[in-house]
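Okay, structure first, notes after.
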Amino acid sequence: MRFCDTHGCCWFVRVSHCVSWNLVFYGFESQKDREEKEMGSNVSGWSACVNNANGMIVASCTVTGEAISGVGLIVNTGEGTAIASCYTELAGGSTSASPSLNLAPDKLSEGDTVLLAATGEDDGQHFFFEEKVTIGSC
């Protein structure tokens with residue numbers, strides 16, 4: 001499994017127990033190495049905003065790839081505390097998916113920073129991307 005951060009650093013890991021995410025470090029891939037390889041999946045359209053109609057916080061992104069078979073979204077506070085997550089499996093090898101979550105505004109508000117993470121599987125390879133986003137108004 002390969003995890004990449006927003007600075008272009010990627011790590012290879014082996015998941016030894018999926019429920020607890022007990023990760024074993026396998027190696028590091030530099031920015032140059034990563035650029036030389038074709039990335040099959042990409043995440044864009046990171047968004048977190050307060051829906052003015054109902055006060056709910058909406059977090060979303062768009063994942064594109066060759067054959068997406070699963071996609072999820074994780075919402076963390078700016079300090080890294082997990083607030084919510086979702087994951088769904090897709091049939092037929094989709095080329096685009098847009099995971100989203102609606103959250104009650106009890107822990108977050110407009111102007112707060114959240115760390116969003118998109119995870120899933122594309123063409124048989126796991127992916128993990130993250131992005132810091134400031135909550136705006138929808």
Side-chain angles (χ1 to χ4, degrees):
M1 180 182 300
R2 179 169 60 182
F3 293 99
C4 300
D5 68 13
T6 57
H7 304 290
C9 296
C10 295
W11 298 265
F12 290 96
V13 294
R14 176 176 53 99
V15 176
S16 60
H17 192 278
C18 289
V19 175
S20 67
W21 286 95
N22 181 13
L23 302 176
V24 177
F25 185 79
Y26 259 0
F28 177 79
E29 179 181 45
S30 70
Q31 172 73 19
K32 182 179 177 227
D33 292 340
R34 180 174 168 231
E35 290 173 352
E36 291 174 357
K37 293 182 181 179
E38 183 177 322
M39 292 290 290
S41 53
N42 189 34
V43 181
S44 61
W46 297 97
S47 177
C49 62
V50 176
N51 183 333
N52 293 325
N54 61 13
M56 297 292 285
I57 294 173
V58 180
S60 64
C61 65
T62 300
V63 178
T64 55
E66 300 296 317
I68 302 167
S69 58
V71 66
L73 182 64
I74 303 165
V75 179
N76 296 305
T77 64
E79 294 78 36
T81 302
I83 297 173
S85 66
C86 66
Y87 190 91
T88 189
E89 293 185 11
L90 306 170
S94 301
T95 58
S96 180
S98 296
S100 63
L101 283 165
N102 292 332
L103 308 166
D106 57 313
K107 295 183 180 181
L108 298 170
S109 60
E110 190 171 344
D112 288 347
T113 298
V114 291
L115 179 63
L116 303 180
T119 183
E121 187 171 328
D122 177 29
D123 202 22
Q125 297 293 312
H126 287 83
F127 63 84
F128 184 91
F129 295 91
E130 61 183 9
E131 184 81 15
K132 281 197 173 185
V133 176
T134 301
I135 299 172
S137 178
C138 297

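Small disclaimer: the values here were computed from a predicted structure and weren't measured. No hydrogens, no waters, no symmetry mates; every other heavy atom, side chains included, goes into these values.
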**Message:** Any non-hydrogen side-chain atom of Thr64 less than 4.5 Å from a side-chain atom of Thr95?
**Reply:**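 Result no, sub-4.5 Å side-chain heavy-atom pair not found.
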**Item:** Heavy-atom check, side chain of His126 versus side chain of Thr119, under 4.5 Å
**Value:**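 When only atoms from C-beta onward are counted, Thr119 and His126 do not touch, as no gap falls below 4.5 Å.
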Minimal non-hydrogen separation, [X] against [Y], with atom names:
{"X": "Ser60", "Y": "Leu116", "answer": "O-CD1, 4.2 Å"}
{"X": "Ala97", "Y": "Ile68", "answer": "N-CD1, 4.3 Å"}
{"X": "Gly55", "Y": "Val50", "answer": "O-CG1, 4.0 Å"}

Kindly write out the residues that satisfy side chain to side chain contact (heavy atoms under 4.5 Å, CB included) with [X], not counting sequence neighbours, or none if the list is empty.
{"X": "Leu115", "value": "Asn76, Glu130, Lys132"}
{"X": "Thr134", "value": "Thr113"}
{"X": "Ala118", "value": "Val43, Trp46, Cys61, Val63"}

**Request:** For Asn52, check side chain to side chain donor-acceptor pair (under 3.5 Å) against everything at least two apart and list the hits.
**Result:** Ser137
**Asked** Considering residues at least two apart in sequence or located in another chain, which fulfil the side chain to side chain donor-acceptor pair (under 3.5 Å) criterion with Ser96?
**Response**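 Not a single residue meets the side chain to side chain donor-acceptor pair (under 3.5 Å) criterion with Ser96.
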**Item:** same_hphob_cluster(Leu90, Phe127) at 4.5 Å side-chain heavy-atom cutoff
**Value:** yes
**Item:** disulfide bond (SG atoms under 2.5 Å apart) partners of Cys86, counting only residues at least two apart
**Value:** none
Hey, could you give me the [atom1]/[atom2] distance between [X] and [Y], rounded to the nearest 0.5 Å?
{"X": "Met56", "Y": "Asn54", "atom1": "CE", "atom2": "CG", "value": "6.0 Å"}
{"X": "Tyr87", "Y": "Ile74", "atom1": "OH", "atom2": "CD1", "value": "10.5 Å"}
{"X": "Ile135", "Y": "Ser47", "atom1": "CD1", "atom2": "OG", "value": "10.0 Å"}

Compile the donor-acceptor pairs under 3.5 Å between side chains in residues 99-107 and protein atoms, sequence neighbours left out, one pair per line.
none

**Message:** According to disulfide bond (SG atoms under 2.5 Å apart), does anything in residues 96-138 pair up with another residue at least two apart or in another chain? List the pairs.
**Reply:** Cys49-Cys138
**Message:** When you measure from the side chain of Asp122 to the backbone of Glu66, do you find a donor-acceptor pair of N or O atoms at a distance under 3.5 Å?
**Reply:**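 Side chain of Asp122 to backbone of Glu66, a donor-acceptor pair under 3.5 Å: yes, one is there.
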**Request:** Using the side-chain contact (heavy atoms from CB on, under 4.5 Å) rule, take Asn51 and Ile57 through it: C-alpha gap first, then chi angles, then the decisive distance, then the call.
**Result:** CA-CA 6 Å; Asn51 183 333; Ile57 294 173; over 6 Å; no
